[in-house]
Novice: 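First the structure, which I've put down as structure tokens, then a few questions once you've had a look.
In what follows, chains carry the letters A, B, and so on, assigned in the order in which the sequence lines appear, proteins first and then strands, with residues in each chain numbered from 1.
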Protein chains: 2
Amino acid sequence: MDVDARKLRILQAIVDDYILSNTPVGSRTLSKTCGLGVSSATIRNEMADLTEMGYLVQPHVSAGRVPSPKAYRLYVTSLLPQGMGEEELSGARRAFNTRVRDMETLISQGAAAISDLTHYTALVLTPRQSDLKVRSLHLVPVGGDRALLVIVTDSGVIRDTSIRISSRLDAGALYTIGQMLTQRIQGMTLRQLREALYGYAATQDADARVLGGIADLAAQVEKQTESDRVMVGGAHNILYYPEYADVSRARAFMNAIDDADSLIALLRSQDSGISVRIGQETGIPAFADCSVITAPYRIGRGHTGAIAIIGPTRMPYARMLDMMRMFSQELTQTLSVKE
Amino acid sequence: MDVDARKLRILQAIVDDYILSNTPVGSRTLSKTCGLGVSSATIRNEMADLTEMGYLVQPHVSAGRVPSPKAYRLYVTSLLPQGMGEEELSGARRAFNTRVRDMETLISQGAAAISDLTHYTALVLTPRQSDLKVRSLHLVPVGGDRALLVIVTDSGVIRDTSIRISSRLDAGALYTIGQMLTQRIQGMTLRQLREALYGYAATQDADARVLGGIADLAAQVEKQTESDRVMVGGAHNILYYPEYADVSRARAFMNAIDDADSLIALLRSQDSGISVRIGQETGIPAFADCSVITAPYRIGRGHTGAIAIIGPTRMPYARMLDMMRMFSQELTQTLSVKE
DNA sequence: TGTTAGCACTCGCTTGCATTGAGTGCTAAC
DNA sequence: GTTAGCACTCAATGCAAGCGAGTGCTAACA
């Protein structure tokens, strides 16, 4: 059987309607709204075909039809209606830009901003940083046996962590050490830096030995550069969707959202462009009834972090794709202008 | 009418039972569990008295009794049963300490740790820092027209923010400026520092002028020191309590949790010790059915930050008070050992 | 005087049943 | 190929009956 133009039109109307209403859509209402000028009976015949082909599902025999994941897939791939108007989009762009001005606020507020603007749960994956080049390294005493390690990279990104130092070195000594180390490591990638630090620790290099906590330092760099971080915003937006009126489903969702590792895997597994994953395609059981829209953003030339929103499969895809595309562009631009 | 010993005993049994079961407790079950060896009829008489006195509430005439906020208040004040055993408590202490080792992790993970261990929603209020004394100030170039400002205080706490600097100063120049400023401001409180910076900006002091962004700097210091920050952890723990099986209640709760200002007010309004606020006492309408346990923690000698948990009024107070007391002690100790 | 057994009564909850109505599939006519 | 008509299905709604946990009251008892 073939999916002809009229079937497509009807399918699109069903998805559009269902996205708004969240109730199975019947043939009668459809005959009025889809604009084909055919009667409900005709629609019924077409719907029967679409059901047989797996695009529609009937909750029960006397209910309307609900789009299947397969229908959403087709819809996203080739049936997207008009997206957001330009004026609406630029409003959102302004709202977004007032909240995300640099890498720092991206990490702390980006997820919140995206979730506020989309009303979905938002994820921000920080860029994998092991390929960034080191520009300089600084040590700042913070009292006791701890110092703040600041690594400035290529794209202005800072990795700062507090590390232990063996003895009470004063600010001047730490500054000198920082300068010294900077000279040695300038231009290395963070990955190389980490390896070099482990090398220093092993060979007891005279200069490096000054820092008692050199191994600690290397370990910190490793931890910071290897493990991506993912920030979640607006997880409880999910409570506004009737699909999650049942608290146990909301709980399952929240638990999945808490599992940073699988979220990272989810965001890392994207292809280079913006992508939509529907239902099972997410690969996470708790998101079987959800869709995930992922978009990359870039820092400097190397790739790449990712942003994502998660919501019920019933999602206004056209709008959300516009939004995510815009966020991605704005972020990439904002973060590379910094350099 | 008098609240004699037996009434107290019965009230305590009712609260204990209700905390576990979340169902109105009847006279029959009570006569078996409260250990007084009296019949249900006697209990009924006592319960009638307690109801009249406002300690108990009947959802409807043929249901058991439910403790009123007044009952919880009495319970917390003078009826607390045995708290946690020492071995159980020290287990929790270990779990907590492996997750919160310093100020930094306190801010980023403290709320998560507390909520995980208590299964309630946890709040961490960062200490008001305007009274901390400045030990040193450092500037680290991070590319472009931005520098990282690190202020090291009295208690090893770091406030770091990125500020704009007018021209491209290299690391050496920034270091010198940092040293210079450190000499001038050492020993000031953060509040004094802020005022001094505004002073510099106004008088065009020769040394300070080097920093084009001095006003920016002052503003940042003000922002960082004046506005308390509150971190929330485990907000969705609330979904595990049947009191919030209705999603609209969960939503209301989440919205209240998102209102940082009122949370800060809530945590700031505590007295010096550990405190329990029940229902209306919280002063936040959305928490009318909740209790909040607040505990202060100290950094150095000045006070103080606060931690809190929020959950349904039906809360195992004895355990939670033990826990919060322990968290508070551990934090205070961990953070002052740092010095 | 305090305690207890007994009993009628209340009322939320569950179960079962009939009704409703939106929506379907099928058939026959256009 | 399209449409009108019709019988059928089934979730949802409303209603009544029965159940049972729990109460208040009264009378008897220690």
Novice: Compare every heavy atom of B:Ala306 with every heavy atom of B:Leu267, then report the nearest pair and how far apart it is.
Specialist: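 Scanning both residues completely, I find the closest heavy atoms to be CD1-O, 4.0 Å.
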Novice: Could you please name the partner base of C:dT19, counting Watson-Crick and G-U wobble pairs only when both distances are under 3.5 Å?
Specialist: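 Its partner is D:dA12 (Watson-Crick or G-U wobble, both distances under 3.5 Å).
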Novice: Could you tell me whether the phosphate oxygens of C:dG25, OP1 or OP2, come under 4.0 Å of any side-chain nitrogen or oxygen in A:Arg65?
Specialist: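 Checking A:Arg65 against C:dG25: at least one side-chain N or O falls below 4.0 Å of OP1 or OP2.
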Novice: Is there a Watson-Crick or G-U wobble partner for C:dA29 with both distances under 3.5 Å, and if so, which one is it?
Specialist: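 D:dT2 - that is the nucleotide pairing with C:dA29, both distances being under 3.5 Å.
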Novice: B:Asn45 CG to D:dA27 P: how many Å, rounded?
Specialist: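 So the CG-P distance, B:Asn45 to D:dA27, works out to 15 Å.
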Novice: Give the nucleotide from the list D:dT23, C:dA5, C:dC11 with an atom nearest to the side chain of B:Ser27.
Specialist: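 From the listed options, D:dT23 comes nearest.
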Novice: I need the CD-P distance between A:Gln58 and C:dA22, as an integer number of Å.
Specialist: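 Taking atom P of C:dA22 as the reference, CD of A:Gln58 is at 17 Å.
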Novice: Can you tell me how far the OH atom of A:Tyr72 sits from the OG1 atom of A:Thr313, to the nearest 0.5 Å?
Specialist: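 So the OH of A:Tyr72 and the OG1 of A:Thr313 are separated by 5.0 Å.
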Novice: Taking the side chain of B:His60 as its heavy atoms from C-beta onward, which of C:dT4, C:dG12, D:dT23 lies nearest to it?
Specialist: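 Side chain of B:His60 sits closest to C:dG12.
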Novice: Does A:Arg44 contact C:dG25 through a side-chain donor or acceptor facing the base, at a distance under 3.5 Å?
Specialist: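 Yes.
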Novice: Quick check on A:Arg28: does its CZ atom have over 12 non-hydrogen neighbours (other residues, nucleotides or ligands) under 6.0 Å away?
Specialist: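 Not more than 12 within 6.0 Å, no.
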Novice: Within less than 4.0 Å of OP1 or OP2 of C:dG2, is there a side-chain N or O belonging to B:Arg6?
Specialist: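 False: B:Arg6 side-chain N/O out of range (4.0 Å or more) of C:dG2 OP1/OP2.
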Novice: Report yes or no: does B:Asp17 contribute a side-chain atom to a donor-acceptor pair with the main-chain N or O of B:Val25 at less than 3.5 Å?
Specialist: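 No; judged by distance alone, with no hydrogens or angles, the pair does not exist.
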Novice: For DNA chain C, whose closest nucleotide is more 5', that of B:Ser62 or that of B:Gly37?
Specialist: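 Nearest-nucleotide comparison on DNA chain C picks B:Gly37.
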Novice: Could you tell me how far apart A:Ile43 (CD1) and C:dG23 (P) are, to the nearest whole angstrom?
Specialist: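 Distance check: A:Ile43 CD1 to C:dG23 P gives 13 Å.
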Novice: Across all strands shown, which nucleotide pairs with C:dT1 by Watson-Crick or G-U wobble geometry, both distances under 3.5 Å?
Specialist: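 Partner of C:dT1: D:dA30.
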Novice: Are B:Arg277 and B:Ser269 close enough, and set up right, to give a side-chain hydrogen bond (donor to acceptor under 3.5 Å, both in side chains), and what steps lead you there?
Specialist: CA-CA 11 Å; B:Arg277 264 165 292 183; B:Ser269 67; 2.8 Å; yes
Novice: Take the protein atom CZ of B:Arg28 and the nucleotide atom P of C:dG6, then report the distance between them rounded to whole Å.
Specialist: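 Taking atom P of C:dG6 as the reference, CZ of B:Arg28 is at 12 Å.
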Novice: What's the CG-P distance between B:Leu30 and D:dA21, to the nearest Å?
Specialist: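 It is 16 Å, rounded to the nearest whole Å.
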Novice: Could you give the CG-to-P distance, from A:Leu50 to C:dG25, as a whole number of Å?
Specialist: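 It is 12 Å, rounded to the nearest whole Å.
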Novice: Determine whether a donor-acceptor pair (one donor, one acceptor, N or O, separation below 3.5 Å) exists between the side chain of B:Thr42 and the base of C:dT3.
Specialist: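 Flag unset: no donor-acceptor pair detected.
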Novice: Starting from P on D:dC25, measure out to CG on B:Asp49 and report it in whole angstrom.
Specialist: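 After rounding, the reported distance stands at 12 Å.
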Novice: Nearest to the side chain of A:Ala41, which nucleotide is it out of C:dC11, D:dT3, C:dA5?
Specialist: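 Within the option list, the nearest is D:dT3.
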Novice: Roughly how many Å is it from NZ in B:Lys7 to P in C:dT3, rounded to a whole number?
Specialist: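 One finds 10 Å between P of C:dT3 and NZ of B:Lys7, rounded.
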Novice: Out of C:dT10, C:dG12, D:dT3, which has the shortest distance to the side chain of B:Val61?
Specialist: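 Of the options given, the side chain of B:Val61 lies nearest C:dT10.
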